[in-house]
2 protein chains.
Amino acid sequence: MKYPTRLSDAVHIMAFIALNPVERLSSEKIAESIHTNPAYVRQLMSALRKGNLLLSTRGHPRPELAREPRDITLLDAYRALEGNKPLLHQDTHTNPACGVGVNIQLALRDCYDCVQAQAEAAMRRITLQEVLDRYAARLTGLEGHKETPNGSQDSSRGCSADGSADSPEG
Amino acid sequence: MKYPTRLSDAVHIMAFIALNPVERLSSEKIAESIHTNPAYVRQLMSALRKGNLLLSTRGHPRPELAREPRDITLLDAYRALEGNKPLLHQDTHTNPACGVGVNIQLALRDCYDCVQAQAEAAMRRITLQEVLDRYAARLTGLEGHKETPNGSQDSSRGCSADGSADSPEG
DNA sequence: TCTGTTGTAATAATAAAAATTACATCTGGA
DNA sequence: TCCAGATGTAATTTTTATTATTACAACAGA
């Protein structure tokens with residue numbers, strides 16, 4: 001760290017809950033898996049709860065997902081944790097006396113909105129179920145090496161970037 | 001701040017150079033517009049130079065773009081500044097003894113790669129020329145309120161997110 | 001009541017980003 | 001050649017978002 005890992009940790013929490021629907025699941029137990037502390041886990045769970053993704057009650061170590069994994073998207077989690085915070089950040093401290101600079105940043109905002117929209121569209125297509133499927137595929141892959149064993153969602157959909165593959169700058 | 005604004009500042013620098021092809025342009029002058037210090041500007045310029053986006057020589061206050069604005073994409077700048085750093089970060093500090101946690105993060109990586117690919121595709125479609133066009137549109141918009149006055153690239157292309165518009169979580 | 005847990009606030013520690021300082025090196029002109 | 005002004009770059013400090021930690025009231029269940 002210290003790059004933000006809230007989204008990763010939040011998905012971790014939800015996946016962990018989905019994978020342990022039966023047994024007691026305290027924030028301490030989850031924290032052990034993430035290798036962090038229980039209070040941080042509870043903070044993330046609090047955000048997920050406010051985002052209507054998680055159900056949990058005080059003093060009761062049995063958190064539940066509020067919806068089916070296939071109805072929880074990465075974007076849902078992102079919104080719950082980050083609100084409307086963008087992935088790319090403008091510089092809002094340019095010289096106000098320099099109209100050129102101000103307008104360049106404003107022009108950039110339109111462009112960043114494009115990038116944000118595409119990224120969010122991708123996040124909206126990724127469900128918790130897909131993460132779980134990929135997780136399961138990894139586990140079986142360690143022994144048999146099959147693809148998407150339960151395929152409740154098309155995990156092999158791929159994600160071709162319509163602008164073609166990565167090009168060497170030149 | 002302190003969200004990263006390197007990309008924004010780098011685009012600012014390139015746009016500023018494109019808009020001032022004639023006069024002397026010292027790093028101090030550019031820094032004035034960004035409202036930062038010359039050394040930071042030179043650091044960014046150094047990265048852009050190494051990315052083959054900028055030409056400049058020691059002691060010579062006349063930086064030039066290495067390519068036409070329409071041949072410089074946002075992704076080019078991103079690569080020059082950030083290399084392969086992703087927009088979303090995995091948590092690489094999960095408990096190694098917890099196979100569940102490890103594999104969840106690995107499953108997440110595949111998903112993040114999707115998001116990254118879409119975001120980069122969007123960045124690849126945005127050129128410096130488009131930023132300049134939007135800048136020009138803003139300036140004229142302040143008086144006449146016209147759209148894309150010089151239209152060297154279709155600035156009004158828009159950026160529909162194929163996953164449909166933003167949905168209220170529910 | 002007692003133990004264990006959650007929900008939440010407040011504070012500290014960590015680390016990435018930007019700001020700053022310093023200086024060797026170069027250009028162009030006197 | 002010498003000087004002023006600039007760049008390129010390294011090193012250090014400051015700032016601040018993120019995570020870690022501490023603390024505790026409120027609640028569940030036995």
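Here is the naming used below: chain letters follow the sequence lines, and residue numbers restart at 1 for every chain.
- When the nucleotides C:dG28, C:dG7, D:dT18 are ranked by their closest atom to the side chain of A:P4, D:dT18 comes out on top.
- Tested against B:I126, the residues B:V11, B:L74, B:L75 include a single side-chain contact (heavy atoms from CB on, under 4.5 Å) partner, B:L74.
- Taking 3.5 Å as the limit, the base of D:dT16 and the side chain of B:K2 contain no donor-acceptor pair of atoms between them.
- At D:dG8, none of the side-chain N or O atoms of B:S46 fall inside 4.0 Å of OP1 or OP2 (strictly under the cut-off).
- Dashed line: the shortest gap from a side-chain N or O of A:T5 to OP1 or OP2 of D:dT19 is under 4.0 Å.
- Rounded to whole Å, atom P of D:dT18 lies 13 Å from atom OH of A:Y3.
- Side-chain contact between A:T5 and B:Q90 is absent, with no heavy-atom pair separated by less than 4.5 Å.
- Looking at B:R62 and B:E23, no side-chain N of the basic residue comes within less than 4.0 Å of a carboxylate O on the acidic one, giving no salt bridge.
- We find that B:R70 and B:E130 are not joined by a salt bridge, their nearest charged nitrogen and carboxylate oxygen being 4.0 Å or further apart.
- Side-chain contact annotation: B:Y3 with A:K85, donor-acceptor N/O pair under 3.5 Å present.
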Give each protein N/O atom lying under 3.5 Å from an N/O atom of nucleotides 21-25 of chain D, with the pair distance.
{"unit_1": "D:dT21", "atom_1": "O4", "unit_2": "A:Q43", "atom_2": "NE2", "d": "3.4"}

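- Salt-bridge annotation for B:R138 and A:D110: present, with a side-chain N of the basic residue lying under 4.0 Å from a carboxylate O of the acidic one.
- Separating the OG atom in B:S27 from the CD atom in B:Q43 is a distance of 11.0 Å, to the nearest 0.5 Å.
- If one axis is set at each end of the helix from C:dT1-D:dA30 to C:dA30-D:dT1 from five pairs, those axes are 10° apart, to 10°.
- Protein atom CZ of A:R62 is 16 Å distant from nucleotide atom P of C:dG4, rounded to whole Å.
- Expressed to the nearest 0.5 Å, how far CZ of B:R79 lies from CE of B:M123 amounts to 7.5 Å.
- Contacts between residues 23-34 of chain B and DNA chain D, counted as heavy-atom distances below 4.0 Å, involve B:R24, B:L25, B:S26, B:S27.
- For the pair B:E64 CD and C:dT27 P, the interatomic distance rounds to 15 Å; values are reported in whole Å.
- Here the C1' atom of nucleotide D:dT18 and the NE2 atom of B:H89 are 12 Å apart, to the nearest Å.
- When the C1' atom of C:dA17 is taken as reference, atom NE2 of B:H35 falls 18 Å away, rounded to whole Å.
- Using a distance-only test at 3.5 Å, with no hydrogens or angles considered, a donor-acceptor pair links the side chain of A:S26 to the main chain of A:K29.
- Atom CG in A:L44 sits roughly 10 Å away from atom C1' in D:dT19 (whole-Å rounding).
- Ion pair A:R124/A:D76 not flagged as a salt bridge, since none of the NZ, NE, NH1 or NH2 atoms sits closer than 4.0 Å to an Asp/Glu carboxylate oxygen.
- In this structure, B:L65 and B:L55 have side chains that are not in contact, with every pair of non-hydrogen atoms separated by 4.5 Å or more.
- Spacing between atom CZ of B:R6 and atom C1' of C:dA18 amounts to 9 Å, rounded to whole angstrom units.
- Judged purely by atom type and a 3.5 angstrom limit, A:N103 uses its side chain to pair as donor or acceptor with the backbone of A:G99.
- When each of D:dT18, D:dG29, C:dT6 is scored by its nearest atom to the side-chain atoms of A:H60, the top-ranked nucleotide is D:dG29.
- One can place CZ of B:R49 at 11 Å from P of D:dT7, the figure rounded to the nearest angstrom.
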